[in-house]
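Reviewing the structure listed below.
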Protein chains: 2
Amino acid sequence: MQRVDAGLSVSGTARSRSASIRDVARIAGVSHQTVSRVINRHAKVSPATRERVQKVIDELGFRPNASARALANGDTQSVTVLMSDTTRYGYLATLTGIEEAARAASFSVGIVVIESGSSSHVRAAIENAIDTGGALVVVAFDKTGQLALREVPERIPMAAAVESPASAPPAGAPWCWIDDEAAARDATRYLLELGHPTVHYVALPSTTRSSRRTAGWRSALRRAGIDPPTPLQADWGALSGHEAGVFLSRDPGVSAILCGNDEIALGVLSALHAERRKIPGDVSVAGFDDEPQSAFYTPALTTTKLDFVALGRSCFATVTARLGGEHVEPHPVGTPELVVRASTGSPRRARS
Amino acid sequence: MQRVDAGLSVSGTARSRSASIRDVARIAGVSHQTVSRVINRHAKVSPATRERVQKVIDELGFRPNASARALANGDTQSVTVLMSDTTRYGYLATLTGIEEAARAASFSVGIVVIESGSSSHVRAAIENAIDTGGALVVVAFDKTGQLALREVPERIPMAAAVESPASAPPAGAPWCWIDDEAAARDATRYLLELGHPTVHYVALPSTTRSSRRTAGWRSALRRAGIDPPTPLQADWGALSGHEAGVFLSRDPGVSAILCGNDEIALGVLSALHAERRKIPGDVSVAGFDDEPQSAFYTPALTTTKLDFVALGRSCFATVTARLGGEHVEPHPVGTPELVVRASTGSPRRARS
DNA sequence: GGCGCTAGTGTGACCGGTCACACCAGAGGT
DNA sequence: ACCTCTGGTGTGACCGGTCACACTAGCGCC
């Protein structure tokens, strides 16, 4: 009979079984429970024992098995991010923020892409998180995300990155958002201060009854004594921005356009160019997000920098707080910051 | 003494323990092993038993515990994606492809962002994947990814999305890539056919000794009997494209610029505008990737569509094949497709 | 000197699956 | 009638941790 040393197999087929807590215990001459105490930084271990065990752990390269740990105490130290099927900047930046914070806390991060059509896999993902004891972060900027958010049962540890809520959110709701209203108000005010008689708005689809971004724009206009024009409805992409741009370019009264995000703004820019309007001579354009590319649009886009990475970090902090049983009040994250570039300027004096 | 029914607690604090395989077994009047056989679609279960057990499973909403399963047979049904810290389109599209394929195979997807500075957490992530029995996909388009790739030991199930290799890759290397050389050759040939005397190239950083994209561009020129000019070196962002664009715009002999990706192309466009060169009248510009925004640049960008989603799917297929012990030959994925838009055209007849 | 207390350690069950193996009944062959 | 084979099922150990609890030794204290 032949026996192969699994630990030293060269062929690579036999996966060497890594050291377990009992191996460490045997070599260090202690019980497995003491090893467990050492790896969990339990207080009641004598320094001498701790050191001896630690040495064996290092020598063996022992690493506790996450599955076993999860099975035993239902604590997976993991977060699953639910996010809709998109390659948009804000989403990925948020994910990056979550991952960054999670890594610092040595949590692992899972990702599930949710598709608008079928919610069954969303439910599956949620259930999966539940029965592995994991936490959930839902990126719910859009309708698909909101639907997923609604599927999450009350009791499971969750946080959500959302659009600014229309009214004060339910106390204890684990929501994080960027202050859309202030951002929109500031951007609108900036455009008015340039001398524009009014500011037109191309809106993102809103998940709330009343978008705070739209509200901010409106309130800035009202405060200046201006009756807000009807906002145009776009979706998230440049194409719908282009369509809105074509429409607006035909109205000579339009001299300033605020767009729901930089992609829409890009579409508006392209439409204005196609319609031979000068930017910012004839029309000023501003966006939201400050994507990395926006500085290189033609002309460079004035926009509002939104800190999605901080938003992601905050989501993670919220969900871990809940995991620890702490109470977290919903709160906005970060301070939107207007970035002025070449796409906005004072309106040309009317010729008449 | 008070006892709370954990299963029906309304408060939400007590997490109801979900049904286990033994609960199902007891209710169905079979052994736990039979239940195991049912959930694993094992052949040797009589139809009657199978149906009875399945009914109980459905009624109880039983879902097998992933941790327990992983612990028992070392099979986590999970993939961890290692990806550098970026919000670039190609990366996220690749991730989307991986996730899509993984979801279809009911694998879970983890993500670890790798930072160029510290490789310790990369090692930690790899070890983690090893001792939970998970697989790895490394997105190694850039240097950071390549470094991570090198950290992965031979024996663990892995696939990598890479730049086209300079020479035939080692047999059995689990690499997937897009055919950069063909893509660059076709794009260059297209520009030459428009009548440009030569094509200048703004290169992405390459992870290989000899970038296939650069090689494709070069070979197209040589085939046309043209001595290739020195390519310009950029990084991945629009800023470096802008710098390259400024440089090239000062050379009146430059009439066509091929760029390593759409972001660089965007930078080049912005530089050309700043230098008052007409596009495509004075200079034609083309990119790579076909990002969603590229159609809305000024002018709309001619580019080559690269199917990153298919690349991601292929990475997943590769890694699962390896997980199953199959042999996979390294291979390119998808067919790059030139998308002609307004940023390229025939050169203006020389005035002289 | 006996008591309680506590710091430090060990024991065995348990989490929820899977695996190897034992077992049994009935079909089919001789 | 007996043996073998095979489809269908059950038993108990095991994966690698954690938990509750038992135990011991040394200390301070009356």
Side-chain angles (χ1 to χ4, degrees), chain A residues 6 15-54 56-57 60-78 106 127-128 130-134, chain B residues 6 15-54 56-57 60-78 106 127-128 130-134:
Chain A
R15 196 171 236 191
S16 71
R17 178 177 306 298
S18 56
S20 86
I21 204 173
R22 278 163 241 260
D23 297 327
V24 174
R26 190 165 22 76
I27 296 174
V30 296
S31 75
H32 61 110
Q33 177 60 12
T34 299
V35 178
S36 173
R37 283 193 264 257
V38 170
I39 61 183
N40 290 301
R41 288 168 177 58
H42 200 290
K44 304 206 173 164
V45 180
S46 74
T49 311
R50 178 181 305 267
E51 199 186 336
R52 186 153 38 94
V53 171
Q54 189 60 54
V56 177
I57 287 175
L60 261 52
F62 165 79
R63 293 168 42 80
N65 180 312
S67 302
R69 189 170 264 176
L71 178 59
N73 68 1
D75 179 8
T76 34
Q77 301 270 300
S78 73
S106 51
E127 279 170 15
N128 216 47
I130 292 175
D131 51 38
T132 58
Chain B
R15 198 171 232 191
S16 70
R17 178 177 304 299
S18 57
S20 86
I21 204 173
R22 278 164 241 259
D23 296 329
V24 174
R26 190 165 24 76
I27 296 173
V30 295
S31 76
H32 60 110
Q33 177 61 8
T34 299
V35 177
S36 173
R37 283 192 263 257
V38 170
I39 61 183
N40 290 303
R41 290 171 175 58
H42 199 290
K44 306 209 172 161
V45 180
S46 74
T49 311
R50 178 181 306 268
E51 198 186 336
R52 186 152 38 95
V53 171
Q54 189 59 53
V56 176
I57 288 175
L60 262 52
F62 165 80
R63 292 170 42 80
N65 180 312
S67 302
R69 187 170 267 175
L71 178 58
N73 69 359
D75 180 8
T76 34
Q77 302 270 300
S78 73
S106 51
E127 280 170 13
N128 216 47
I130 293 175
D131 51 38
T132 58

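Just so we're on the same page: letters track the sequence lines, and every chain starts at 1. Just so you know, these numbers use all the heavy atoms, side chains as well, and skip hydrogens, waters and symmetry mates. Small disclaimer: the values here were computed from a predicted structure and weren't measured.
- Partners of A:Glu51 according to the salt bridge (charged side-chain N to carboxylate O under 4.0 Å, His left out) rule, which considers only residues two or more places apart in sequence or in another chain, do not exist here.
- Partners of A:Gln33 according to the side chain to side chain contact (heavy atoms under 4.5 Å, CB included) rule, which considers only residues two or more places apart in sequence or in another chain, are A:Ser31, A:Ser36, A:Arg37.
- With sequence neighbours left out, B:Ala66 forms a side chain to side chain contact (heavy atoms under 4.5 Å, CB included) with A:Thr132.
- Contact check of residues 35-47 of chain B against DNA chain D (heavy atom, cut-off under 4.0 Å) returns B:Arg37, B:Lys44, B:Val45, B:Ser46.
- Of all nucleotides listed (D:dG10, C:dG16, D:dG16), D:dG16 comes nearest to the side chain of A:Arg22.
- Each of C:dT9, D:dC19, D:dG10 was ranked by its minimum atom distance to the side chain of A:Asn73; first place goes to D:dC19.
- Distances from the side chain of A:Thr49 to the nucleotides D:dA20, C:dC15, C:dT9 place C:dT9 closest.
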In residues 22-30 of chain B, what donor-acceptor pairs under 3.5 Å come from side-chain atoms, sequence neighbours left out?
{"from": "B:Asp23", "atom 1": "OD1", "to": "B:Arg26", "atom 2": "NH2", "distance (Å)": "2.9"}
{"from": "B:Asp23", "atom 1": "OD2", "to": "B:Ser20", "atom 2": "N", "distance (Å)": "2.8"}

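- Atom pair B:Arg26:CZ and C:dG17:P shows a separation of 13 Å (rounding to whole Å applied).
- Considering only heavy atoms from C-beta on, A:Ile21 comes within 4.5 Å of A:Ile39 through its side chain.
- The closest donor-acceptor contact from the side chain of B:Asn65 to the backbone of B:Ser67 lies under 3.5 Å.
- As rounded to whole Å, 14 Å separates atom P of C:dT11 from atom CD1 of A:Ile21.
- Between its opening and closing five pairs, the helix from C:dG1-D:dC30 to C:dT30-D:dA1 changes axis direction by 50°, a value rounded to 10 degrees.
- Within a heavy-atom distance below 4.0 Å of DNA chain C, the residues of residues 61-71 of chain B found are B:Phe62, B:Arg63, B:Pro64, B:Asn65, B:Ala68, B:Arg69, B:Leu71.
- The CG atom of B:Asp23 sits 10 Å away from the C1' atom of C:dG16 (whole-angstrom rounding).
- Atom OG1 of residue A:Thr49 and atom NZ of residue A:Lys44 lie 14.5 Å apart, to the nearest 0.5 angstrom.
- A search for side chain to side chain contact (heavy atoms under 4.5 Å, CB included) contacts involving A:Ala72 returns nothing, not counting sequence neighbours.
- Judged purely by atom type and a 3.5 angstrom limit, B:Thr76 uses its side chain to pair as donor or acceptor with the backbone of B:Gly134.
- Here salt bridge (charged side-chain N to carboxylate O under 4.0 Å, His left out) pairs that include residues 61-78 of chain A, with residues two or more places apart or in two chains, are A:Arg63-B:Glu127, A:Arg63-B:Asp131.
- With rounding to whole Å, A:His32 atom NE2 is found 13 Å from D:dC15 atom P.
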